[in-house]
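Treat the numbers as computed from the prediction; the structure is a model and nothing was measured.
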Amino acid sequence: MHRARVPVPFRLTLLAGCSAAAFWFSLRSLSGQWRYETPLADLVLVPVLAAVLFFAASRRHPYVGELRLGWFDLLAGTTLLAGSLALVAVGPVYWSKYFWAMRLDLLALPIFVAGGVMLLFGARAIVPFGLPVLSLLLAWPLPYLALLERQLDAFTSATSGAAAFLAPRMHLATPAPGSGDGVFALHHGHETFSLSVGSACSGVNSLVGFFILGVFALYFVEGRLSRRLAWLGLGAALVWAANVARILALFAVASGFGERAAIALLHPVAGIVALNLAVLVLLALMRRFHLFWRELEPAEVDTPLAAPAPPEKRASVLRVSTRVALIGAAAIVFAVADGALATTARGLTNDGVPAIPAFTARPLSAPGWTIRRAETIGWAAPYYGNHSSWVRYVMRPRRPDAGAFTIWLDAVRSPNLGALDAYTLAHCYAFHSFTVEAAKRIDLGEGVFGNAFVYTSPRADWRAVSWQWPVRRGVKVEHERLVLIAASDARPAGRGTPSSGGEFSRVLALLDWRSSGHDANLRLTRALQRVAAGIVRKRIEAAT
């Protein structure tokens, strides 16, 4: 019984189940976009299509069920699982909100899956399963967001430009004068109304979905790589052209039957119909590109990597049981760590785009404190960029008591994250020849982690609490550093310090074990930390 072989489908199902359980919150966040018309709504398809690729690869390379299970793949697989866990557990504390902004949790997913492949199939199986593992990287939103940030406006202009060229010639609509690009005037009987072609109607949503499906489809298509890529490029052009045709069809229906018929009846289904028509045309053109559907029959592989192991070294129930227990335990630990990311995700969308406006656009003080603008510091532009800003505020308690003190709040905003990272508070204190008495990382709650400093200037001893995170300024993402500074002998009363919950406190203690210096007025620093946490909480609540 113990020497009975463990079937490949069972091991793949176990791998898929453990991966889904381990990254349940990350995968659920992807599915949260499915119901909305966002460019990245189709990313939720990636894990499902990757699972299909795994089973297809096992059909093409059946030798994966006969590979050797040894100590090396046990060590390598465990190392990959540990590295993935370190990224999910330590990353949110080390990078604060930037962890979710970059969606690094979805980079940990293929590392976890690669570790699971090594444990359940052996180290050599990573070669035939390499493409399915790497395909999980297509679920990472950051590259798409970076591309869309630079190209979405140009793409929208191209689509509206094509509609502006064709619609008047087809007597469907005319560009509305003085209303900006993408706005069209239409007439139905005696009624006049306008429709606009915005970014959601530009076709980029369909193109992202087509790109994801097309990349996976290439695995099942046989032919020269150059022909397959050309076929995929033609498909992208067809999808864009179908979207332009969809817009013209909406104009035609609006002109013939009214605005409600176009928007309420045709618009919800026109996009999927146009996409399906483009795909059907593309499939009909396969033979012209000398492409054929690949039959999932065992491929002929002549390599030592495919050599079957001796029967006693293959995946038997006895040899796999320990590995199943290991990956199952890892999935449970991961599920807890991944669930804690709900705190890290607050204030950002599922794609990692910040919903928190810049502080200067809406300065919010902590409960019990007043805030007023003091001055704008202009000399910092050469350091943080021409489009940066540095505004100083003064905060005072609404009801001063014996432990009252004044806080100076500096809000530094820059579109360039590298500039903020190049000129940190530590660099600033060193530049001014201040003596840093103590420095450590702190928890400000809501998944925000910052720094606390004690430094001495020629005039006074100062306490500073700061944090840095991405913010929204209009439609753009910029970066903001807030610094709360106080110089006082007051020792404010108050208990407790903010916490983001979960296991973050243990990770923070691990990262802080080498923190240097001694704080002679720890109560003032903790009071600053509580005020900073109040600002963080108010801003995130206002954004959500």
Side-chain angles (χ1 to χ4, degrees), residues 39-43 45-46 48-50 52-57 59-61 110 127-163 165-166 199 201-249 270-297 299-301:
L40 305 187
D42 293 323
L43 295 189
L45 297 175
V46 172
V48 178
L49 295 174
V52 173
L53 273 191
F54 267 104
F55 281 95
R59 288 282 303 275
R60 290 199 68 216
H61 307 286
V127 176
F129 285 142
L131 183 60
V133 171
L134 291 176
S135 70
L136 290 168
L137 292 174
L138 292 174
W140 188 28
L142 187 61
Y144 301 96
L145 292 174
L147 181 62
L148 291 175
E149 185 178 5
R150 291 169 173 80
Q151 302 298 330
L152 184 57
D153 290 342
F155 194 86
T156 303
S157 298
T159 302
S160 61
F165 177 81
L166 294 171
S199 59
C201 300
S202 64
V204 70
N205 299 8
S206 299
L207 272 177
V208 171
F210 173 79
F211 169 76
I212 292 172
L213 290 172
V215 169
F216 281 98
L218 289 180
Y219 184 84
F220 300 94
V221 175
E222 218 170 0
R224 291 174 57 182
L225 179 60
S226 58
R227 293 182 182 274
R228 284 187 285 170
L229 293 178
W231 179 67
L232 195 62
L234 175 63
L238 287 173
V239 169
W240 180 78
N243 182 68
V244 174
R246 175 187 71 94
I247 294 172
L248 297 176
I272 191 66
V273 170
L275 178 61
N276 287 333
L277 287 176
V279 171
L280 288 175
V281 173
L282 186 63
L283 294 177
L285 294 173
M286 282 185 65
R287 290 188 179 274
R288 292 184 177 272
F289 284 83
H290 302 284
L291 301 177
F292 306 92
W293 290 111
R294 172 179 286 157
E295 295 184 6
L296 295 179
E297 298 298 329
E300 294 184 6
V301 180

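- With Phe211 as the fixed residue, the side chain to side chain contact (heavy atoms under 4.5 Å, CB included) test singles out one of Val215, Leu207, Val208: Val215.
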Run the side chain to side chain contact (heavy atoms under 4.5 Å, CB included) test on Tyr219 and Leu49 for me, step by step, so that the C-alpha distance in whole Å, both residues' side-chain angles and the decisive distance to 0.1 Å come before the verdict. CA-CA 11 Å; Tyr219 184 84; Leu49 295 174; over 6 Å; no

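- Here the closest heavy-atom approach between residue Ala236 and residue Phe210 is recorded as N-CE2, 3.3 Å.
- Note that CG of Leu147 is 11.0 Å distant from CG of Leu142, once rounded to the nearest 0.5 Å.
- The two atoms that bring Trp293 and Glu222 nearest to each other are O-OE1, 4.4 Å, heavy atoms only.
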Candidate pair Val221 and Met286, rule side chain to side chain contact (heavy atoms under 4.5 Å, CB included), full reasoning:
CA-CA 9 Å; Val221 175; Met286 282 185 65; 4.2 Å; yes

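- The backbone N or O of Leu282 sits less than 3.5 Å from a side-chain atom of Trp231, completing a donor-acceptor pair.
- Here the closest heavy-atom approach between residue Ala57 and residue Pro128 is recorded as CB-O, 3.8 Å.
- Pairing each heavy atom of Leu137 with each of Pro110, the nearest pair is CD2-CG, 3.7 Å.
- Interatomic distance, CG of Leu248 versus CG of Asn243, reported as 9.5 Å (0.5 Å rounding).
- In terms of heavy atoms, Ala242 sits closest to Ala278 at CB-CB, 4.1 Å.
- With Asp42 as the fixed residue, the side chain to side chain contact (heavy atoms under 4.5 Å, CB included) test singles out one of Leu213, Leu138, Ile212: Ile212.
- Of the inter-residue distances, the one linking Leu166 atom CG with Ile247 atom CD1 reads 10.0 Å to the nearest 0.5 angstrom.
- Looking at Arg228, its side chain does come within 3.5 Å of a backbone N or O of Leu218 through a donor-acceptor pair.
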TODO: I would like to know whether Trp140 and Val46 meet side chain to side chain contact (heavy atoms under 4.5 Å, CB included); could you show each step before the answer?
DONE: CA-CA 10 Å; Trp140 188 28; Val46 172; over 6 Å; no

- Message: As a quick check of understanding, evaluate side chain to side chain contact (heavy atoms under 4.5 Å, CB included) for Leu53 and Phe129, giving each step before the final call.
- Response: CA-CA 9 Å; Leu53 273 191; Phe129 285 142; over 6 Å; no

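- Contact record, Phe155 with Val204: CE2-N, 3.7 Å, taken as the closest heavy-atom pair.
- Within the 4.5 Å cutoff, no side-chain heavy atoms of Asn276 are placed close to those of Val273.
- The number of heavy atoms from other shown groups lying within 6.0 Å of CZ (Phe220) is above 12.
- Here CG of Leu234 is found 12.5 Å from CG of Leu229. Values are rounded to the nearest 0.5 Å.
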